[in-house]
Amino acid sequence: IMSRIKPNAQMVLMYALGLVLTGILTILSCKPTQDVHVASLQSVNWLQGRWTSSLEGQYENFILIDDNFIERVIYQVEDGQPVISERGKIFEKDATLAMTTTIFNTKNNEFSKFELIGQNINRVTFRNIEEDDPYLIILQLMDDGKLVISEMNQFERLIKKYELTRNNLP
């Protein structure tokens, strides 16, 4: 077939064929990328501390335990006494972060597991693996030093949002 094509046309055809092959090889050599969030406990050290909530009678502690996890404890003041209403952990798992929570003010002590789906320098977003509510929990350190916690449902509608102020108490 090539012998019947004029020399200039042969060069154009070979050039076009070369471009097509280069394009195919480029596409085949590309590896699909995954949205993986590489994170460590150090990347969320801004959470550590004792925080007073904007919700009346509530405060929270985020405490680094043996460099293994950050423990989150939520206290509700009842009859003048602090009572633990929720406890959770933020920990490293498979080069990313995960979170668990247990809510104690329910009949069955609700336990939930969350995976990290988004992070920047002062914000982390966790998604409930079981797809229960809260479906998303967003922890964000604001420019004024306050911590804002937002809980959203599966339709990304706000369920609960409150802010916390860091205490300088021991």
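Keep in mind it's a predicted model, so treat the numbers as computed, not measured.
Under the 4.5 Å side-chain criterion, counting only non-hydrogen atoms from C-beta, N61 is in contact with Y75. A 4.5 Å side-chain heavy-atom check between R87 and I84 finds at least one atom pair inside the cut-off. Considering only heavy atoms from C-beta on, T101 stays 4.5 Å or farther from I74 through its side chain. At a threshold of 4.5 Å between non-hydrogen side-chain atoms, the residues R127 and Y135 count as touching. For the pair E56/Q58, no side-chain contact is recorded, criterion being any heavy-atom separation below 4.5 Å from C-beta on. Looking only at side-chain heavy atoms (C-beta outward), P134 and M152 stay at 4.5 Å or farther from each other. With a 4.5 Å cut-off on side-chain heavy atoms, N45 and L64 do not count as touching. Put simply, the side chain of I90 reaches to within 4.5 Å of the side chain of L41, judged on heavy atoms.
Judged by distance alone, the side chain of D144 and the main-chain N or O of K146 form a donor-acceptor pair under 3.5 Å. Using a distance-only test at 3.5 Å, with no hydrogens or angles considered, no donor-acceptor pair links the side chain of D66 to the main chain of N68. For the pair W46 (side chain) and I121 (backbone), a donor-acceptor distance under 3.5 Å is present.
F91 and I117 fall into different hydrophobic clusters, where Ile, Leu, Val, Met, Phe, Trp and Tyr side chains are chained together by heavy-atom contacts under 4.5 Å. Hydrophobic clustering, with ILVMFWY side chains joined whenever heavy atoms are under 4.5 angstrom apart, groups V77 together with F104. Residues L97 and L139 fall within the same hydrophobic cluster, defined by Ile, Leu, Val, Met, Phe, Trp and Tyr side chains chained together at heavy-atom separations under 4.5 Å. Neither M142 nor L164 shares a network with the other; the hydrophobic side chains, linked directly or stepwise wherever heavy atoms of I, L, V, M, F, W or Y lie under 4.5 Å apart, form separate groups for each. F114 and F69 are members of different hydrophobic clusters when ILVMFWY side chains are connected at heavy-atom separations under 4.5 Å.
The shortest non-hydrogen separation linking A98 to F126 is C-CE2, 3.9 Å. When all heavy atoms of R166 and G49 are compared, the pair lying nearest together is NH1-CA, 4.0 Å.
Separating the CD1 atom in I149 from the CG atom in L147 is a distance of 4.5 Å, to the nearest 0.5 Å. One distance of note links CD1 of I159 with CD of Q154; it measures 9.5 Å at 0.5 Å rounding. Interatomic distance, R157 CZ to D133 CG, rounded to the nearest 0.5 Å: 11.5 Å. From F62, atom CZ reaches atom CD1 of I70 across 8.0 Å, with rounding to the nearest 0.5 Å. Taking CG of L136 as the reference point, atom CG of N128 lies at 9.0 Å (rounded to 0.5 Å). For the atom pair E110 CD and E130 CD, the distance stands at 12.0 Å (nearest 0.5 Å).
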- Item | Derivation of the side chain to side chain contact (heavy atoms under 4.5 Å, CB included) call for S150 and I137 | CA-CA 6 Å; S150 304; I137 295 179; over 6 Å; no
- Item | Full working for side chain to side chain contact (heavy atoms under 4.5 Å, CB included) between S53 and Y162 | CA-CA 7 Å; S53 173; Y162 58 99; 3.4 Å; yes
- Task: Give the C-alpha distance, both sets of side-chain angles, the deciding distance and a yes or no for side chain to side chain contact (heavy atoms under 4.5 Å, CB included) between Q119 and S43.
- Result: CA-CA 9 Å; Q119 179 178 21; S43 69; 2.8 Å; yes
- Task: List the steps, then state whether side chain to side chain contact (heavy atoms under 4.5 Å, CB included) holds for W51 with N167.
- Result: CA-CA 5 Å; W51 300 83; N167 291 331; 5.9 Å; no
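No donor-acceptor contact under 3.5 angstrom links the side chains of T96 and E115, judged on distance only. Counted by atom type alone, T102 and N109 present zero donor-acceptor pairs between their side chains at under 3.5 Å.
Using a 4.0 Å cut-off between charged side-chain N and carboxylate O, E60 and R72 make a salt bridge. Ion pairing between a basic and an acidic side chain is recognised when a charged N comes within 4.0 Å of a carboxylate O; E151 and K161 show no such pairing.
Atom CG of D67 is surrounded by 12 or fewer heavy atoms from other residues, nucleotides or ligands within 6.0 Å.
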